[in-house]
Amino acid sequence: MKKLVILQTVVPDYRKDIFSYLKEELGDRFKLYSGSAYFEKSITTDKNIAFIKPIKNYFFFNRKFLFQFGMWNEVFKNNVMVLEMNPRILSNWLILIIRKLVLKKTVVWGHAWPRGGSKSKSDVVRQLMRKLGDEIIVYTKTQAKELGLKMPNKIINAAPNALYFKKDMSTSFNSEKINHIIYVGRLSKPKKAFFLVKAFHKILDNIPSNTNLIIVGEGEEKSLIENYVNEYKINDRVLIKGHVSNIETLKQFYSESLFSVSPGYVGLSITQSFSFGVPMIISKNENHSPEIEASQDGINSLFFDTDNESSLSETIVEVYNHKSKWIAKREEICLFCKNTYSTEAMGQTFLNILK
């Protein structure tokens, strides 16, 4: 029986469940190699994942490119190897070429397109990497379908980005406790958390007095947000929690939140929010990550005009004017996520490539 070997730049805590699932299913037939930090230094490997085999990440040209060492003994073995579909990882190019020459199955996993989209000039480079892979795994069914039109003879599968097992997905319906707005993500300029804080501050007199904004995350804008909150003395309404990975703590935050907000581009936080039955307010015209596929306007999400503080503020007020309607949707939202974005569903795609 072949082994499944996955090579990662970094394994953050939000990847723990998917790799734990594969380890549980495959046992000694699963190996996970990873470095300690990503291109963006703040993204690091979760040291609590005991079965990770550590390797060395060597970044150069101001962390624009990467070469990895410590996993080369796997390259010539008769295993199925999964590599990140990231052209900036130069060692992956070498692995792909070698394994193509020695007829070993290699799968590339990642975003179908560059951040600039399918029309981006840099997609020429990514296309070459896609061709070198024997199979491709992308993050959404939409991406798999789009890429299939460009590469009709390539095996392309979708592994929708999941954070939790089905058993961990649940929601709450206690309208007396569901009061807050929540943001979970990096506190960086592209994510626009500071913009959200200012929009929330603007409407404090128009929403219930027991409504708080819960901010979960770390990043370069954290001090900016803290200074603003202190200056305007709204510490009791804007609660900055820092990075939180414990699922029970996160579940508690979401259980008390009527809506989550993505003031910048949508990432994994959308499926996290839906996992707990919490709908999301989303910036309309952003270069969103593929997870935006999960949004259904008026069903599990609402959209506001990008970078328009008044539009975001008005959308939040509107949500509270229809609070009971959105609470009634929580079970439907949670069930949708269980069926589509569970760890089990994501993991099955990786198990299938061993067949």
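We use all heavy atoms of the structure for the numbers below, so side chains are in, but hydrogens, waters and symmetry mates are not. Quick note: residue numbers are just sequence positions, from 1.
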Quick check: are there more than 12 heavy atoms from other residues, nucleotides or ligands sitting under 6.0 Å from [atom1] of [X]?
{"X": "D28", "atom1": "CG", "answer": "no"}
{"X": "K56", "atom1": "NZ", "answer": "no"}
{"X": "K100", "atom1": "NZ", "answer": "yes"}
{"X": "K41", "atom1": "NZ", "answer": "no"}
{"X": "F61", "atom1": "CZ", "answer": "no"}
{"X": "K77", "atom1": "NZ", "answer": "yes"}

Any heavy-atom pair between the side chains of [Y] and [X] that's under 4.5 Å?
{"X": "R29", "Y": "L354", "result": "yes"}
{"X": "H243", "Y": "D13", "result": "yes"}
{"X": "Y341", "Y": "F274", "result": "no"}
{"X": "E332", "Y": "F336", "result": "no"}
{"X": "M169", "Y": "S342", "result": "yes"}
{"X": "V80", "Y": "V5", "result": "no"}
{"X": "T211", "Y": "I316", "result": "no"}
{"X": "N157", "Y": "E135", "result": "yes"}

Report whether [X] and [Y] are members of the same hydrophobic cluster (ILVMFWY, side-chain heavy atoms less than 4.5 Å apart, transitive linking).
{"X": "Y58", "Y": "L90", "result": "yes"}
{"X": "I178", "Y": "L213", "result": "yes"}
{"X": "F195", "Y": "V319", "result": "yes"}
{"X": "L132", "Y": "I156", "result": "yes"}
{"X": "I97", "Y": "L7", "result": "yes"}

Between [X] and [Y], what is the shortest heavy-atom contact and its length?
{"X": "F350", "Y": "M346", "answer": "CD1-O, 3.5 Å"}
{"X": "G264", "Y": "H288", "answer": "O-CE1, 3.8 Å"}
{"X": "G277", "Y": "P279", "answer": "O-CD, 3.5 Å"}
{"X": "G117", "Y": "W113", "answer": "C-CB, 3.8 Å"}
{"X": "N300", "Y": "Q296", "answer": "OD1-N, 2.6 Å"}
{"X": "A159", "Y": "I137", "answer": "CB-CG2, 3.6 Å"}

Nearest 0.5 Å, what's the [atom1]-[atom2] distance between [X] and [Y]?
{"X": "I215", "Y": "I225", "atom1": "CD1", "atom2": "CD1", "value": "5.0 Å"}
{"X": "C337", "Y": "I270", "atom1": "SG", "atom2": "CD1", "value": "9.0 Å"}
{"X": "M151", "Y": "N153", "atom1": "CE", "atom2": "CG", "value": "9.0 Å"}
{"X": "M81", "Y": "L96", "atom1": "CE", "atom2": "CG", "value": "9.5 Å"}
{"X": "W93", "Y": "I95", "atom1": "CH2", "atom2": "CD1", "value": "13.0 Å"}
{"X": "D297", "Y": "K284", "atom1": "CG", "atom2": "NZ", "value": "8.5 Å"}

Any sub-3.5 Å donor-acceptor pair from [X]'s side-chain atoms to [Y]'s backbone N or O?
{"X": "K323", "Y": "S175", "answer": "yes"}
{"X": "T44", "Y": "A37", "answer": "no"}
{"X": "R126", "Y": "H111", "answer": "yes"}
{"X": "N174", "Y": "E176", "answer": "yes"}
{"X": "S313", "Y": "K202", "answer": "no"}

SB check [X] [Y] (cutoff 4.0 Å):
{"X": "D123", "Y": "K150", "answer": "yes"}
{"X": "R186", "Y": "E221", "answer": "no"}
{"X": "D134", "Y": "R99", "answer": "no"}

- Task: Answer yes or no for K104 and F76: cation-pi contact, defined as NZ/CZ to six-membered ring centre under 6.0 Å and angle to ring axis within 45°.
- Result: no
- Aromatic F39 / basic R88 pairing, under 6.0 angstrom, 45° off normal: yes
Determine whether the side chains of [X] and [Y] contain a donor N or O and an acceptor N or O closer than 3.5 Å.
{"X": "N86", "Y": "N92", "result": "no"}
{"X": "N308", "Y": "S311", "result": "no"}
{"X": "T306", "Y": "S283", "result": "yes"}
{"X": "T171", "Y": "E331", "result": "no"}
{"X": "N227", "Y": "E231", "result": "no"}
{"X": "E344", "Y": "Q348", "result": "no"}
{"X": "R63", "Y": "N57", "result": "no"}
{"X": "S255", "Y": "S172", "result": "no"}
{"X": "Y164", "Y": "Q272", "result": "yes"}
{"X": "E74", "Y": "N79", "result": "yes"}
{"X": "T142", "Y": "T140", "result": "no"}

- Message: Does H180 form a ring-ring contact (aromatic ring centres under 6.0 Å, His included) with F259? I'd like the steps, not just the answer.
- Response: CA-CA 7 Å; H180 308 314; F259 254 78; over 10 Å; no
- Fit a plane to each ring of F19 and W109, take the angle between them on a 0 to 90° scale, and name the class: parallel (under 30°), tilted (30 to 60°) or perpendicular (over 60°). perpendicular
- Parallel, tilted or perpendicular: which fits the ring planes of F67 and W72, with parallel below 30° and perpendicular above 60°? parallel
- Message: salt bridge (Lys or Arg N to Asp or Glu O under 4.0 Å), that's the test. Do K192 and D307 meet it? Break it down for me.
- Response: CA-CA 9 Å; K192 304 179 183 178; D307 296 330; 2.7 Å; yes
- Tested for side chain to side chain contact (heavy atoms under 4.5 Å, CB included) against P263, the lone hit among I282, V197, L196 is L196
- Query: Would L312 and D305 count as a side-chain contact (heavy atoms from CB on, under 4.5 Å) if you check the C-alpha gap in whole Å, the side-chain angles of each, and the deciding distance to 0.1 Å?
  - Reply: CA-CA 7 Å; L312 175 53; D305 296 332; over 6 Å; no
- Task: Start with the C-alpha distance between N235 and N230, add both sets of side-chain angles, then the distance that settles side-chain hydrogen bond (donor to acceptor under 3.5 Å, both in side chains), and finish with yes or no.
- Result: CA-CA 6 Å; N235 315 64; N230 289 331; 2.5 Å; yes
- Query: Going through the checks in order, is the side-chain contact (heavy atoms from CB on, under 4.5 Å) test met by N179 and N212?
  - Reply: CA-CA 7 Å; N179 302 314; N212 296 329; over 6 Å; no
